[in-house]
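Heads up: the structure comes next, in structure tokens.
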Number of protein chains: 2
Amino acid sequence: MAEASSSQPPRLRDIKAVCKTCSLNELCLPVGLDQEDIEALDRIVQRRRPLERGDSLYQAGTTFGAVYAVRTGALKSTILAEDGEEQVTAFHLPGEMLGLDAISFRTHPSTALALETSSICEIPFEELEHLAEQVPGLHRQLLRIMSKEIFLEQEMLQALARRTAEQRLAILLLSLGDRFGRRGLSPTRFLLPMSRQDLSNYLGLAPETMSRLFKRFQESKWITVSNREVSLCDVDALKALTNNREAPLKRDG
Amino acid sequence: MAEASSSQPPRLRDIKAVCKTCSLNELCLPVGLDQEDIEALDRIVQRRRPLERGDSLYQAGTTFGAVYAVRTGALKSTILAEDGEEQVTAFHLPGEMLGLDAISFRTHPSTALALETSSICEIPFEELEHLAEQVPGLHRQLLRIMSKEIFLEQEMLQALARRTAEQRLAILLLSLGDRFGRRGLSPTRFLLPMSRQDLSNYLGLAPETMSRLFKRFQESKWITVSNREVSLCDVDALKALTNNREAPLKRDG
DNA sequence: CGGAGTCTTGACCTCTATCAAGTTTTGTGG
DNA sequence: CCACAAAACTTGATAGAGGTCAAGACTCCG
């Protein structure tokens, strides 16, 4: 993997490092931004001091001012349901953007919390729009990114909504692996940044069910789990699970 | 309710009529488009010949060229799950837009089918983007609309994902009423444009469950149903249902 | 009037939530 | 580094929501 390195200003390197596979990357590449444009984009990206576990990047209800990209660490988005329960609506891994859901109402509908120590890039939205007005193609690229981001999340939700608990877990594990894989990490062996509770909450399951699922998955030799360390041993089996609605789980032992 | 009427060119009236409450309306109003801009926007909007029940507006996999607004009638969006099952992902009522999910990949991820005879406005996306480049503010308005559209759908999915069957139905009925209400129709008494099967499919339930739910809702005096004719008799009760996760359904008789 | 499709109803059974203990891990202060 | 408390996680037993299967009843059309 060739790394662009020394011939570029440091901030730019950051963007590339952070956003190799994330939307920001797409901001630069397909619209043919030249070096100058990229530097302009780079100039508006702010580094923030790292968040500690439990810190919030933004709170639901606060005014929207920027979108964000995760450099390292992980965050969760949560909303407060009408009944007062907290609901995890998304996990954000390195290279991914968050805060896009606030664009329309100029208010964050969700709260973003760091699951572990995380460093974040902040992209002030005013300035991004301003820049986009000057750079042809950047604006439509923004549209495209948003549409995609949203489409993918929607797809995920759809997927989760009608599937059994075990299919949901399979889908999520594969998704996490895939996303870690894009960042150059192992797609089959990773540390879960989130607790079982966050996981089960996200998947719409009881924590107890999560626990039993992990156990079953392990007994079926599909994965290995130890606390937050996960290995996907039989990716094909997991994928097979997600496809057909039948095949509820047959232990052939 | 004052109606703007005769002082405007006919096509423009169409837009206003079609999009009184839909995103297109938002395209015009908040960014301060002047008459000239609105006419330019109006000029790119195409009328299509009406779709009959079962006709498709676009098929999944086909190239994206335009976004659409429903003038009259109703449509459903469906995707083909990996297992070959059709999944209803959305209903589109008069005044609402569809096709936005195709922007990022330039390919329609879903198929749009008319549930009844429907007339549709087509807005070629190329031209819309072109226009947006010339009209300051229109582009960011586009962003906002997309973000909102998507946020709302996401919210709906989230809502459905973790709720009981009966909460899902309550949410959907209220949503339909609300949407009909925005179009000037009764929010409490309307004809369902979709079959029970489509309904249950959309809500992620078995058709049999839908049937039983309608029965229970009726027994509880919350609604009246006769075939596709629905009356919401106790909106408060329905709303109460959607809020708390407890209160599974107590018939106090 | 008849036949296809849609909707309803009933019986049954599985999946997953819930309740209730245990057990392990994590975090804090000595 | 250890001890202890507080979380987090696991495990078992139980019950209920909702899926599935199988008939049966309407509806919509020609």
Side-chain angles (χ1 to χ4, degrees), chain A residues 52-54 76 83 85-88 115-117 160-170 191-219 223-230 241 244-251, chain B residues 52-54 76 83 85-88 115-117 160-170 172 191-220 223-230 241 244-251:
Chain A
E52 294 303 322
R53 186 153 115 65
K76 66 175 174 180
D83 60 359
E85 282 293 298
E86 184 184 70
Q87 284 194 355
V88 178
L115 293 167
E116 53 190 76
T117 305
L160 295 181
R162 349 193 151 216
R163 288 193 159 61
T164 64
E166 107 190 334
Q167 288 178 312
R168 295 182 202 194
L169 181 55
L191 279 175
L192 295 172
M194 71 292 283
S195 68
R196 297 280 196 279
Q197 302 214 358
D198 285 335
L199 266 181
S200 60
N201 186 318
Y202 176 68
L203 294 179
L205 301 170
E208 294 92 329
T209 304
M210 280 277 25
S211 199
R212 286 185 250 269
L213 281 174
F214 271 122
K215 197 181 172 194
R216 283 204 278 166
F217 274 36
Q218 204 156 203
E219 285 170 1
I223 67 173
T224 322
V225 207
S226 171
N227 299 326
R228 294 202 171 178
E229 199 176 322
V230 174
L241 248 193
N244 42 14
R245 278 163 214 231
E246 335 305 327
L249 173 66
K250 288 161 199 148
R251 259 152 298 178
Chain B
E52 293 303 322
R53 185 154 115 64
K76 65 175 174 181
D83 61 359
E85 283 292 299
E86 184 185 70
Q87 283 194 355
V88 179
L115 292 168
E116 53 188 77
T117 305
L160 295 179
R162 350 193 150 212
R163 288 193 159 62
T164 65
E166 114 189 329
Q167 288 178 312
R168 295 183 202 194
L169 180 56
L172 188 77
L191 279 175
L192 295 173
M194 70 293 282
S195 68
R196 297 281 195 277
Q197 301 213 359
D198 285 336
L199 266 181
S200 60
N201 186 318
Y202 176 68
L203 295 179
L205 301 170
E208 294 92 331
T209 304
M210 280 277 25
S211 203
R212 285 185 253 266
L213 281 175
F214 272 123
K215 196 181 171 192
R216 282 204 278 167
F217 274 37
Q218 204 156 202
E219 286 170 359
S220 303
I223 67 172
T224 323
V225 207
S226 172
N227 299 325
R228 293 201 173 181
E229 199 178 322
V230 175
L241 249 193
N244 42 14
R245 275 161 215 228
E246 333 307 325
L249 174 66
K250 285 163 200 146
R251 259 154 300 181

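By convention in this document, chain letters (A, B, ...) are assigned in the order of the sequence lines, proteins followed by strands, and residues within each chain are numbered from 1.
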* To do: Round to a whole Å and report the spacing from CG of B:Leu205 to P of D:dA17.
  => 14 Å
* To do: Quickly work out the B:Arg228 CZ to D:dC28 C1' distance and round it to whole Å.
  => 11 Å
* Spatial distance of atom CG (A:Leu115) from atom CZ (A:Arg228) [nearest 0.5 Å] -> 7.5 Å
* Any side-chain heavy atom of A:Gln218 sitting closer than 4.5 Å to one from A:Thr224? -> yes
* Asked: Base, sugar-phosphate alone, or nothing: which one does B:Ala165 contact when heavy atoms must sit under 4.0 Å apart?
  -> sugar-phosphate
* Asked: Charged N to carboxylate O below 4.0 Å: is that the case for A:Glu86 and A:Lys76?
  -> yes
* To do: Quickly work out the B:Asn227 CG to C:dC7 C1' distance and round it to whole Å.
  => 9 Å
* d(CZ, B:Arg216; C1', C:dC7) in whole Å -> 17 Å
* Structure fact -> From CG of A:Leu199 across to P of D:dC9 the rounded distance in Å is 9 Å
* Whole angstrom is fine here: how far is it from CZ in A:Arg196 over to P in C:dA17? => 16 Å
* Between D:dG18 atom P and B:Arg163 atom CZ, what is the distance in whole Å? -> 13 Å
* To do: Please state how far atom CG in A:Asn201 lies from atom C1' in D:dA8, giving the value in whole angstrom units.
  => 15 Å
* Asked: For B:Ser211, which contact category applies under a 4.0 Å heavy-atom criterion: base, sugar-phosphate, or nothing?
  -> base
* Assess whether one donor atom and one acceptor atom, taken from the side chain of A:Glu208 and the base of D:dC9, lie less than 3.5 Å apart. => no
* To do: Provide the closest heavy-atom pair for B:Arg163 versus A:Gln87 in the form atom of the first, atom of the second, distance.
  => NH1-NE2, 4.5 Å
* Look at the side chain of A:Arg53 and the base of C:dG27, then say whether one donor and one acceptor between them are separated by less than 3.5 Å. => no
* **Any N/O donor-acceptor pair, B:Arg212 side-chain to C:dG10 base, under 3.5 Å** => yes
* **Short side-chain N/O contact to D:dG19 OP1/OP2 from B:Thr209, under 4.0 Å** => yes
* Structure fact -> Of all heavy-atom pairs linking B:Leu199 and B:Met194, the shortest is CG-CG, 3.7 Å
